[in-house]
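This report concerns only the one structure given below.
Side-chain atoms are counted along with the backbone in the values below, which use heavy atoms only and exclude waters and symmetry mates.
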Amino acid sequence: MSSAITRFLRYMATERNASDLTIKAYREDLFGFAQWIESGPMAGATLDTLDPSHLRQFQSALQQADYAKSTISRKLASLRSFFKFAMREGTAKTNPAKPLRNPRRNRKLPLVLSNEEIGRLLTAPPAHDPAGLRDRAILETMYSAGLRVSELVALRDGDLDFQQGIARVRGKGRKERISPLGSYAIKAIKAYAARRNRSAESENLGQAAPVFVNRFGNILTTRSVGRMLDKYIAEAELDTRTSPHTLRHSFATHLLDRGADIRSVQELLGHKSLTTTQIYTHVSAANLRTIYEQAHPRAQ
């Protein structure tokens, strides 16, 4: 089984262009499953002898071990993809993971900042030194374009078109999309770039040089952005649950609140499925109720 998993991971990396994080998750999920098989009464089982009842036992073991429902769903998805590949290779006749149902998830609404809270956060970084200018540009860009942190740190000079007001973004699975850049974000990036101190190595990359760099002049990490945001969350006295992804949630919700259609928001977020985007319609419902109560003559 180990050799089949290794071939699958190589296939995902080379032919499907899966991201490093995706490959890491597949590796943990699949080798964890293989270890569970070998440590129990099914030791010695092959891909061809496993059936849905075996995988239901695995799912039950995960539930008894108190794994989160989202984690269990991800592991089952990994197994479905793996067995689909094994069938294509001829090492498995069926996909025993296909009949399994994901556990019903408790849908949590994302935390969304109000306009006033967004304003406090975006103006928290000082505008008189290079570090503050960088941090302000980062926050403005994340909120303006609805970016994931991984997408932000991957931005290169050649990805930005200030004249058109757009950025080329590399999303999950290395898929590219075009995202808008508002005037505030463009102004903040230009102010930062004028005082940016990049390393010689970064400068030599030309248009492939990273937009945002650390104090040593090298590309930022996602962890560094998270630590930076935590500092300004405290200064702006925002909900401690606020995370880098909260800016993305707020971006989507504020667009819907102002009349953007959900298909357009899906494209801007880079969501493959509309279902992923629809969670924001639940958040916006509260705003619709407020508008109704203020505007309808018989609402109260």
Pair [X] + [Y], salt bridge at N-O below 4.0 Å:
| X | Y | value |
| --- | --- | --- |
| Arg170 | Asp159 | yes |
| Asp157 | Arg198 | yes |
| Glu267 | Arg177 | no |

*Close aromatic pair by centroid cut-off 6.0 Å: Phe85 and Phe8*: yes

*Do Phe212 and Tyr192 have ring centroids that are under 6.0 Å from one another?*
yes

*Around Gln163, counting heavy atoms of other residues, nucleotides and ligands shown, do more than 12 lie under 6.0 Å from its CD?*
no

*Donor on one side chain, acceptor on other, Ser60 and Gln64, under 3.5 Å*: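 Yes, a side-chain donor-acceptor pair sits under 3.5 Å.
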
_Flag side-chain contact, heavy atom, 4.5 Å: Thr246 against Val112_ =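 No, side chains not in contact.
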
*Indicate yes or no for a side-chain donor-acceptor contact from Glu117 to the backbone of Ser114 under 3.5 Å, with no hydrogens or angles considered.*
yes

Measure the [atom1]-[atom2] distance between [X] and [Y] for me, rounded to the nearest 0.5 Å.
| X | Y | atom1 | atom2 | result |
| --- | --- | --- | --- | --- |
| Gln59 | Leu100 | CD | CG | 5.0 Å |
| Asp161 | Arg168 | CG | CZ | 10.0 Å |
| Leu147 | Leu269 | CG | CG | 10.0 Å |

*Just do the side-chain hydrogen bond (donor to acceptor under 3.5 Å, both in side chains) check on Ser224 and Thr221 with the steps written out, would you?*
CA-CA 5 Å; Ser224 295; Thr221 64; 2.9 Å; yes

